[in-house]
Amino acid sequence: MFSLKKNLKFITIDQKMGRKISYTIWGSSKSSNDWLEWYEDVKLFFHSLEYELTHFGITGDTYNSGKILTFSRKEKEFIKKLESRIYPACVECYSLLPNYQTAMFDFNMACIRSESYISIVLKKEDTSSSIEKSVIELEKKYIIGTKGEIYSTSDKEVPMIYAETGDAKSLDTYKFIKRIKVD
């Protein structure tokens with residue numbers, strides 16, 4: 001790891017970058033028709049941390065945009081599809097920074113649910129033991145876990161790559177924190 005000498009102190013590059021903490025549980029969905037309830041719970045969780053859900057990405061048979069969508073313009077359409085029992089394969093919810101450039105990097109908070117995992121990513125400074133407990137409870141409500149993990153990455157990397165692939169080598173700054181007990 002590189003270090004810089006400044007006023008007789010050594011500061012590592014890792015200390016200069018922000019960190020994101022990811023809480024990921026892999027497994028299978030408890031139900032295929034609870035997406036609306038999950039979505040409402042995620043919105044409440046965002047609000048509990050004083051973040052607004054600003055954007056989301058949706059994939060599935062009838063969700064083909066492949067883009068991150070503005071929450072305010074597409075929420076009604078998304079809810080209408082869920083109420084009509086048209087369910088996605090994956091939803092990514094973001095609280096993006098006001099002048100974001102790339103959604104995958106410039107977020108305050110993210111929550112991703114796919115058919116095989118749920119992952120919630122927070123800035124390190126937004127984490128605490130009570131928030132950790134709330135995150136894990138929220139995830140366990142919607143997934144039958146086979147394994148779970150808390151890990152950190154630089155805010156310049158995309159932690160969702162590890163959630164999707166399970167390959168820690170795909171991230172240069174991956175750091176294991178601890179296992180999440182799954183029942």
Inset, instruction - Take Tyr151 and Tyr23 through the ring-ring contact (aromatic ring centres under 6.0 Å, His included) test and state the conclusion after the steps. - result: CA-CA 7 Å; Tyr151 54 96; Tyr23 304 82; 8.8 Å; no
Legend entry - Test log, rule side-chain contact (heavy atoms from CB on, under 4.5 Å), inputs Asp41 and Leu138: CA-CA 8 Å; Asp41 282 350; Leu138 174 61; 3.6 Å; yes
Inset, instruction - Report the C-alpha distance between Arg19 and Asp155 in whole Å, list the side-chain angles of each, state the deciding distance to 0.1 Å, and finish with yes or no for side-chain contact (heavy atoms from CB on, under 4.5 Å). - result: CA-CA 5 Å; Arg19 300 289 294 176; Asp155 61 2; over 6 Å; no
Inset, instruction - Please assess Tyr117 against Glu139 for the test side chain to side chain donor-acceptor pair (under 3.5 Å), listing each intermediate value before the final yes or no. - result: CA-CA 9 Å; Tyr117 69 89; Glu139 291 179 336; over 6 Å; no
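The shortest side-chain heavy-atom distance between Tyr162 and Glu149 falls under the 4.5 Å cut-off. Residues Ile150 and Ile21 meet the side-chain proximity criterion, which asks for heavy atoms closer than 4.5 Å. No side-chain heavy atom of Phe71 sits less than 4.5 Å from a side-chain heavy atom of Glu52. Using a 4.5 Å heavy-atom threshold, the side chains of Thr146 and Val182 count as separate. Ile25 has its side chain out of reach of Ile118: every pair of non-hydrogen atoms, C-beta onward, lies at least 4.5 Å apart. Residues Asn33 and Tyr87 meet the side-chain proximity criterion, which asks for heavy atoms closer than 4.5 Å. A 4.5 Å side-chain heavy-atom check between Trp38 and Cys93 finds at least one atom pair inside the cut-off.
Residues Thr70 and Ser72 bring no donor and acceptor atom of their side chains to less than 3.5 Å of each other. Between Tyr174 and Glu157, the side chains place no donor N or O within less than 3.5 Å of an acceptor N or O (distance only, hydrogens not considered).
Ser29 places no side-chain N or O within donor-acceptor distance of the main-chain N or O of Ser32, the cut-off being under 3.5 Å. Looking only at distances, a side-chain donor or acceptor of Ser154 sits under 3.5 Å from a matching main-chain atom of Lys156. A donor-acceptor pair is defined here as one N or O able to donate and one able to accept, closer than 3.5 Å; such a pair exists between the side chain of Lys30 and the backbone of Lys140. The main-chain N or O of Ser28 is never found under 3.5 Å from a side-chain atom of Glu115 such that the two would form a donor-acceptor pair. Side chain of Lys20 to backbone of Phe107: a donor-acceptor contact under 3.5 angstrom is found. Trp35 places no side-chain N or O within donor-acceptor distance of the main-chain N or O of Leu82, the cut-off being under 3.5 Å.
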For residues 119-126, run the donor-acceptor check on the side chains, cut-off 3.5 Å, and write out each pair with its distance to 0.1 Å, sequence neighbours left out.
from   : atom 1 : to     : atom 2 : distance (Å)
Ser119 : OG     : Thr24  : OG1    : 2.7
Lys123 : NZ     : Tyr51  : OH     : 3.4
Lys123 : NZ     : Asn108 : OD1    : 3.3
Asp126 : OD2    : Tyr51  : OH     : 2.5

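Residues Val135 and Leu44 are members of separate hydrophobic clusters, defined by side-chain heavy-atom contacts under 4.5 angstrom among Ile, Leu, Val, Met, Phe, Trp and Tyr. No continuous path of ILVMFWY side-chain contacts below 4.5 Å connects Ile180 to Ile144, so the two sit in separate hydrophobic clusters.
The only option from Tyr94, Phe46, Phe78 that meets the ring-ring contact (aromatic ring centres under 6.0 Å, His included) definition with Phe56 turns out to be Phe78.
Among all heavy-atom pairs drawn from Ser31 and Asp34, the shortest one is O-OD1, 3.0 Å. The two residues Pro88 and Ile58 have their closest heavy-atom pair at CB-CG2, 3.7 Å. For the pair Pro159 and Leu171, the tightest heavy-atom approach, listed with the atom from each and the gap, is CA-CD1, 4.2 Å. Here the closest non-hydrogen pair linking Ile143 and Gly27 is CD1-N, 3.7 Å.
A salt bridge links Lys43 with Glu40: the closest approach of a Lys/Arg side-chain nitrogen to an acidic carboxylate oxygen falls below 4.0 angstrom. For Glu132 and Lys178, the salt-bridge test passes: some basic side-chain N is under 4.0 Å from an acidic carboxylate O. Under a 4.0 Å N-O distance rule, the pair Lys74/Glu77 qualifies as a salt bridge.
Applying the salt bridge (Lys or Arg N to Asp or Glu O under 4.0 Å) test to pairs two or more places apart or on separate chains, none has a residue in residues 89-108.
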